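This report refers to the structure that appears directly beneath it.
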Amino acid sequence: MNSSTTPAPVSSAPIRVRIAPSPTGDPHVGTAYIGLINFIYARQRGGQFVLRIEDTDRARFVATSEQMIFDALRWLGLSWDEGPDVGGPYGPYRQSERTEIYREHAEILLANGTAYRCFCTAEDLEAARKHQMAAKLPPRYPGTCRNLTPDQIAENLAAEKPFVIRMAVPTEGETTFRDELRGEITFSHNNVDDQVLMKSDGFPTYHLANVVDDYLMRITDVIRAEEWISSTPKHVLLYQAFGWPQPRFWHMPLLRNIDKSKISKRKNPVSLVYYRQAGFLPQAIINFLGLMGGGMPSPTPVEIVNGAKETEVFSLEEMVQRFEVPNIRLGGPVFDLTKLKWLNSEYLRALPPDTFFAALRETVLSDQYLRDVATLVQSRIETLGEFGNLTAFFFQDNVLPPPEVWVPKKRTPEETLLFAAEQLALLETTDWTTEAIEPALKQLGETHSWSVKENFMLLRAILTGSTMSPPLLESMVVFGKARTLDRLRRFLDTQKKLAANKK
RNA sequence: GGCGUUAUGGUGUAACUGGUUAACACGUCGCCCUCUCAAGGCGAAGAGUCCGGGUUCGAGCCCCGGUAACGCUACCA
């Protein structure tokens, strides 16, 4: 019982693509990358670009995230034709507002036997998984509930046992699909698990929601990150279970850290908010992202003769004109901050002086920022001329406190660094208000037996480079979460490198 | 461990889809310019295309076999 891809009947339909970020935190540079490729693809073919918010994970949901995603993508110039905020004919575009749709579709699968109710508890599954791992078997759903009788199901339902709905993946055969960049990819059904489609909280998982929405929203081309390749057979099986035509699949290479691992905040700034606040220009980021994976053809000899010189510097408009999505290279490109900075400097230098000044006044020297900073120092300033001395760290890109500043008297550098890492981990998940930060930090200090003084002084040293500064928490709020966390990470990183060099 | 994907200087990409000494950009180093630092100009080092076989007059491009990296392996996306 093999299922293979039939040439997608949607191929002649008007092009519609989508980007589907999850509001789980700061807008991610990877979202911008995939967004860019989708945007270009749609623009080049007179198609529509849809923004859909995938907020089905209520555990990781961050309320402020959605608006930040809108702002960041607009800032980059990647505007969408349909989305939660602009509407469109296939709404709603927020998955949390579509739960009824998913429920109905899950019913269809239940009715035609391609899905089933599973009453296993999380503990059951965890135990089973452990056994499988111990026996060196691939961890898979054991199939306990796959063949429950109607009576057993009725009984469980009557007892109001919580359940999930799982996909009934065929036990034999394989699924083949076409990746437009790589050709055919085949997965044996032995390696496709009975995925949960509907969680016990009534929300769908990505797999169900994504397929249902892509179909209902008439998406013709699914252009997403490579990490989705492994779950594509599940999606293909779902299209088949519904009797729907499949979209084309394009899996883009993953952006990487310098060490080639999937890009992550631990090793590289990934928040678009950070890049904006740190003074990167959207044109530079778009340009840089356009360099990742190739796709932008070099000028032909004829074009060079006619004056085309730059092969690395180009605008979003030029990309729409010349970029070739099918030419994307598949090796995961390293997101090299050094080259991004060079590009940014190219754009900065090219700005007319007035525009350059305006850019400064809109970002690192905005009225709002200056006002916030001024508020913090008014009570401790003697002459206006001291303003710079008192606030320098707000305007520096990095600070490098010497050990005598950041290591508390009764602590070793090693334990201090360990605690600083704890502070970072904590702050990453803390709301960015003094009311939230203060108790969280104090609590952390208590559990690690760090006095409030040592605790706060360490942070102050790392963030301001000095043991004297305006109020710490207020300063952190003004400086911003993205940049504060970045400064912390860079400090830890620098110290790690220094320690390594000593050895 | 299983499955999948990928593989060109340190990094990002090129190389008419088999045809000369593998090209460009960033970075690095040197020189010039200059009150300094950048920018700019000139120049250099750095890969023989992951490894091993094969096909061919000829392979970075084709075939076979390895290796490594990465991804997935959740009631996360």
Side-chain angles (χ1 to χ4, degrees), chain A residues 20-25 28 30-31 53-61 95 118-122 124-126 129 132-141 162-166 174 179 181-183 185-193 195-210 224-234 251-263 287-301 304 309-313 327-343 345-346 348-350:
Chain A
S22 257
T24 53
H28 198 277
T31 304
I53 294 294
E54 307 227 336
D55 54 351
T56 56
D57 184 350
R58 63 180 215 281
R60 293 203 301 156
F61 179 76
Q95 292 187 327
C118 168
F119 297 91
C120 295
T121 65
D124 293 342
L125 296 173
E126 188 51 41
R129 195 171 298 134
Q132 290 167 331
M133 300 280 264
K136 290 188 177 169
L137 291 167
R140 292 199 53 186
Y141 178 66
F163 64 89
V164 301
I165 295 176
R166 283 183 187 275
E174 54 190 35
D179 177 290
L181 295 173
R182 299 160 233 262
I185 299 176
T186 299
F187 283 81
S188 162
H189 290 160
N190 295 329
N191 297 313
V192 184
D193 204 3
Q195 249 306 321
V196 170
L197 263 17
M198 290 288 278
K199 300 180 254 186
S200 53
D201 65 1
F203 281 85
T205 58
Y206 170 87
H207 307 283
L208 207 221
N210 154 72
R224 72 217 318 185
E226 187 180 12
E227 54 191 335
W228 293 107
I229 290 179
S230 313
S231 34
T232 303
K234 292 169 187 170
H251 291 98
M252 304 296 299
L254 250 20
L255 263 24
R256 306 294 179 89
N257 299 311
I258 315 93
D259 63 4
K260 298 275 187 180
S261 56
K262 172 170 143 181
I263 196 167
N287 189 156
F288 180 64
L289 256 15
L291 252 17
M292 308 275 88
M296 191 64 176
S298 318
T300 62
I304 290 171
K309 217 169 95 201
E310 296 288 3
T311 61
E312 306 264 324
V313 183
N327 279 4
I328 294 277
R329 296 294 136 173
L330 271 5
V334 170
F335 190 95
D336 181 4
L337 221 39
T338 306
K339 186 145 185 182
L340 207 209
K341 282 188 181 175
W342 167 76
L343 258 180
S345 73
E346 288 286 303
L348 247 16
R349 276 196 292 271

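Computed from a predicted structure; not experimentally measured. We name chains A, B, ... by the order of the sequence lines, and we start the count at 1 in each one.
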Nucleotide of [options] approaching [X] most closely (side-chain heavy atoms):
X      : options             : result
A/M292 : B/A15, B/G12, B/C70 : B/G12
A/P333 : B/G12, B/U5, B/C3   : B/G12
A/I185 : B/C75, B/U5, B/C70  : B/U5
A/W342 : B/G27, B/C70, B/U11 : B/G27

Taking only the side-chain nitrogens and oxygens of [X], find out if one of them lies under 4.0 Å from OP1 or OP2 of [N].
X      : N     : answer
A/T56  : B/A77 : yes
A/R329 : B/U6  : no
A/R166 : B/C75 : yes
A/K260 : B/U6  : no
A/R129 : B/A74 : yes
A/K262 : B/C72 : yes
A/K339 : B/C24 : no

Query raised in the report: Side-chain donor or acceptor of A/S200 under 3.5 Å from a matching atom on the base of B/C75?
Result: yes
Query raised in the report: With rounding to whole Å, what would you report as the distance between B/A68 and B/G27 at their P atoms?
Result: 35 Å
Query - Closest heavy-atom pair and its distance - A/L125, A/R166 - result: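 Taking every non-hydrogen atom into account, CD1-NH2, 3.5 Å.
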Query raised in the report: So does A/K339 pair up with A/D336, basic N to acidic O under 4.0 Å?
Result: no
